[in-house]
Amino acid sequence: MTKVRTRFAPSPTGSLHLGGVRTAFYNWLFARQNKGTFVLRIEDTDAERSTEESAKGIIESMQWLGLNWDEGPFFQSERLGIYFDHLEKLRKAGHIYPAFDTQEELDEMRAIAKKEKRNPIYDRRALKLTEAEIKQKMDAGEPFVWRFKVPDTEYTEIPELLMGEPDEHKIRNSTIGDFIITRPGTNDNPGMPLYNFACVIDDALMDITHVIRGMEHLPNTPKQVLMYKALGYKVPQFIHLPIIMKNNKKMSKRDKDYDPNFPVSILERRDLGYLPDATLNFIALLGWSHPESQELLTPFEILENFSVDRLNKANPNFDEQKYMFINGWHVKNRHDYELVETVTPHLEKAGYDLSAYSKSDLEKMMAMEKERCHLLSQFPEALKFFFITPESYEEKGIRKSFYVPEADFILETTVKMISALTDEEMNRATLDSKLAAMVMDLGIKYGIVGPIIRLAITGRTKTPGLAEIIEVLGKDETVKRLENARAFIKTLPPLPVESEATA
RNA sequence: GUUCCCAUCGUCUAGUGGCCUAGGACAUCGGCCUCUCACGCCGGUAACACGGGUUCGACUCCCGUUGGGAACGCCA
């Protein structure tokens with residue numbers, strides 16, 4: 001049994017998007033699981049659209065996701081000699097022929113085909129050219145492309161593992177048409193190889209055993225199989241994955257209702273605070289399911305359980321809410337110290353000064369908020385009150401808590417209690433019991449006291465627990481804020497009558 | 001239009017002829033927990049596209065209809 005070899009072969013014409021991540025991940029999984037080899041190849045034969053920046057972005061994305069490759073990255077632009085050698089081989093064997101048709105002529109042919117409700121396949125007019133005619137045109141420097149002569153055998157069989165009939169997929173050759181394998185060029189200045197050509201040569205030469213890619217490539221596959229055969233190479237197994245949709249449409253950044261809050265670019269997702277493990281977890285579930293129906297998985301658990309026969313054939317829809325939920329789960333299950341590292345850039349980006357807090361303080365903040373934040377980018381807002389002393393208070397909270405007649409007295413009592421604490425007592429557990437005892441003494445319900453203190457020290461009505469906050473905030477800052485709030489309450493105008501009326 | 005692919009709750013899915021009165025997850029709606037929020041826990045609503053076969057028996061197999069998707073590039 002030959003060793004499994006898979007590859008991910010993106011074109012560097014933009015950022016790696018979520019659909020590409022799925023393809024890359026499945027290839028990676030399949031290789032890793034079979035103790036095989038995973039190859040990264042950059043398909044940059046389209047000089048017009050390919051950019052170095054995109055290639056870098058793709059590599060960065062793969063690294064960020066942890067999808068490590070064993071060979072590559074190979075760049076097709078550096079392998080042109082190989083393709084031209086193969087072109088020569090095909091030419092000598094009579095598998096290809098030059099075509100001098102202009103773009104306009106081809107457009108016209110397609111228009112006619114459409115009008116006649118036919119599949120627009122090439123009519124082989126260039127095949128009628130005599131040797132002499134061809135030579136004359138070539139010598140004159142007329143640009144031409146190379147077309148592959150599709151054999152007249154009735155069917156081409158695709159070894160497809162997922163789609164269609166089990167293990168077999170037949171396409172009628174009459175529906176294929178002689179496809180172009182190079183861009184236009186002349187004898188002196190040959191045209192660049194095209195996808196269906198370069199891809200086959202590379203997959204063959206790189207000994208790829210399983211080609212796992214999106215369904216949109218299924219119609220290319222018979223052409224490629226024909227190419228393998230013409231070249232005398234072994235045809236690999238194909239696995240065509242269903243296309244990831246969004247609102248039942250192909251997910252794309254060219255989409256009309258594309259929402260920048262939900263980017264398709266994986267690097268943009270990263271900047272928004274999505275975690276690589278969560279991304280892989282969510283993406284894996286788009287078309288694959290765990291044998292025991294578990295859904296919250298680490299990459300390792302996915303690897304342990306992945307199998308091609310649990311792949312789904314129908315196009316899945318990309319569900320942002322589930323992605324967010326899964327991300328939240330992964331955030332929640334990260335160690336606080338890891339979170340400090342990944343969240344710190346987000347806090348700095350928000351302009352916060354972290355110097356007032358120790359590493360352990362920051363870890364405590366993570367512990368406080370990680371069950372609330374589904375995205376890393378939500379931490380700055382959630383943690384804002386630790387870095388910025390509140391200058392105003394939530395309107396709703398003021399009405400509900402600061403207008404309580406005992407509010408000032410409660411805050412005063414709290415100030416006294418906190419001030420009397422030793423440094424050793426400034427910990428969560430002690431603060432908890434001290435607060436409870438104070439509430440008991442006050443004889444007022446915690447449900448009233450708590451919100452008043454909360455609002456005073458954070459300016460908000462919804463936060464983590466009071467003891468945790470005070471512990472991290474420290475004695476001085478807490479007291480300062482409590483006094484601020486007392487001063488604020490004194491400036492409060494009498495409760496407007498209308499608020500009663502509107503209630 | 002042509003060729004190809006697909007079809008279970010709103011969404012992702014389990015299901016490979018009897019275990020299905022169709023299971024789980026997200027979302028949603030109730031409730032519990034609680035100093036708030038969140039987390040967590042408990043519970044509810046919600047699906048086999050339709051029509052024919054095959055079979056003792058069909059969500060599962062076959063055919064058709066309908067619906068959805070992809071490709072039809074001198075892009076990949």
Side-chain angles (χ1 to χ4, degrees), chain A residues 9-13 43-46 48-50 99 101-103 106-107 110 113-121 143-147 160 162-164 169 171-172 175-177 179-185 191-192 194-196 198-199 213-222 240 242-243 245 247-250 282 285-296 309-310 312-326 328 332 368-374 382 397 401 435-436 439 445-455 458 460-467:
Chain A
S11 66
T13 54
E43 308 219 322
D44 58 348
T45 55
D46 187 344
E48 302 263 306
R49 300 199 304 155
S50 298
D101 313 284
T102 63
Q103 190 70 66
L106 292 173
D107 288 345
R110 273 186 216 109
K114 194 176 176 180
K115 213 168 150 189
E116 293 175 357
K117 301 187 175 179
R118 282 185 357 248
N119 201 0
I121 57 175
F144 61 91
V145 299
W146 287 101
R147 277 186 186 268
E160 164 66 42
L162 217 213
M163 294 297 169
H169 200 111
I171 303 292
R172 248 176 297 137
T175 65
I176 298 176
F179 53 99
I180 298 173
I181 65 169
T182 66
R183 289 181 173 75
M192 288 277 274
L194 250 18
Y195 171 70
N196 279 321
C199 176
R213 63 195 356 175
M215 255 272 295
E216 65 270 21
H217 286 296
L218 193 52
N220 282 321
T221 311
H240 286 97
I243 292 166
M245 317 281 277
N247 302 323
N248 297 314
K249 278 182 294 188
K250 188 174 176 180
F282 171 65
L285 262 19
L286 250 28
W288 173 82
S289 60
H290 184 278
E292 271 105 54
S293 292
Q294 279 166 236
E295 305 210 316
L296 271 357
D309 36 275
R310 293 197 66 83
N312 216 309
K313 294 158 114 172
N315 298 341
N317 263 290
F318 193 95
D319 182 355
E320 291 291 350
Q321 286 179 310
K322 191 153 187 173
Y323 188 10
M324 186 82 89
F325 168 82
I326 289 178
K332 203 164 60 193
M368 270 183 246
E369 285 296 351
K370 70 179 177 183
E371 298 200 335
R372 216 171 317 263
C373 295
H374 291 202
S401 293
L435 277 165
V439 168
K445 275 193 277 189
Y446 211 155
I448 297 192
V449 178
I452 294 173
I453 301 174
R454 164 170 290 109
L455 189 64
T458 67
R460 323 225 270 218
T461 56
K462 297 171 186 175
T463 71
L466 283 176

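By convention in this document, chain letters (A, B, ...) are assigned in the order of the sequence lines, proteins followed by strands, and residues within each chain are numbered from 1. Please read these numbers as outputs of a predicted model, since none were measured by experiment. What you see below is based on every heavy atom in this structure, not just the backbone, and it leaves out hydrogens, waters and symmetry mates.
- Going from the C1' atom of rC19(B) to that of rA38(B) covers 40 Å, rounded to whole Å.
- In this structure, a donor-acceptor pair under 3.5 Å is present between the side chains of N248(A) and N317(A).
- An OP1 or OP2 oxygen of rC12(B) is reached within less than 4.0 angstrom by a side-chain nitrogen or oxygen of N317(A).
- K370(A) comes within 4.0 angstrom of nothing in the nucleic acid, heavy atoms only.
- Base pairing annotation: rC33(B) forms no Watson-Crick or G-U wobble pair, as no partner gives both donor-acceptor distances under 3.5 Å.
- Side-chain N/O atoms of K322(A) and base N/O atoms of rA27(B) include no donor-acceptor pair closer than 3.5 Å.
- The gap from the C1' atom of rC33(B) to that of rG69(B) amounts to 46 Å, rounded to the nearest Å.
- Only the C1' atoms considered, rG30(B) is 28 Å distant from rC48(B), to the nearest whole Å.
- When the C1' atom is used for both rC9(B) and rA14(B), the distance is 13 Å, rounded to whole Å.
- Pair assignment for rU55(B) gives none, since no Watson-Crick or G-U wobble pairing has each distance under 3.5 Å.
- Comparing rA46(B) with rU11(B), their C1' atoms sit 12 Å apart, to the nearest whole Å.
- One P atom belongs to rG24(B), the other to rG15(B), and the distance between them is 15 Å to the nearest Å.
- For the pair H374(A) NE2 and rC26(B) P, the interatomic distance rounds to 11 Å; values are reported in whole Å.
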Practice task
Between protein and nucleotides 63-69 of chain B, map the contacts as a letter string: B base, S sugar-phosphate only, - none, heavy atoms under 4.0 Å, written 5' to 3'.
Solution key: ------S
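- Using the Watson-Crick or G-U wobble rule with both distances under 3.5 Å, rA27(B) pairs with nothing in any strand shown.
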Interface polar pairs with nucleotides 20-23 of chain B, N/O, under 3.5 angstrom:
none

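- Here F325(A) does not count as stacked on rC26(B), because the ring centres are not under 5.5 angstrom apart with planes under 30°.
- Searching all strands for a Watson-Crick or G-U wobble partner of rA14(B) with both distances below 3.5 Å returns nothing.
- Comparing rC6(B), rC74(B), rU3(B) by their closest approach to the side chain of L194(A) singles out rC74(B).
- Remark: the separation of the P atoms in rC62(B) and rA7(B) is 11 Å, to the nearest Å.
- Looking at S401(A) and T461(A), their side chains never come closer than 4.5 Å, going by heavy atoms from C-beta outward.
- Annotation for I121(A) and G177(A): closest pair CB-CA, 4.0 Å, computed over non-hydrogen atoms.
- rU55(B) and rC50(B) have their P atoms separated by 23 Å, with the value rounded to a whole Å.
- For rA76(B), the base has a donor-acceptor partner in the side chain of N220(A) [N/O atoms by modelled type, under 3.5 angstrom].
- Q294(A) contributes no side-chain N or O that forms a donor-acceptor pair with the base of rG24(B) under 3.5 Å.
- In this structure, F282(A) has its ring center under 6.0 Å from that of F318(A).
- Residue T45(A) has a polar side-chain atom (N or O) positioned under 4.0 Å from OP1 or OP2 of rA76(B).
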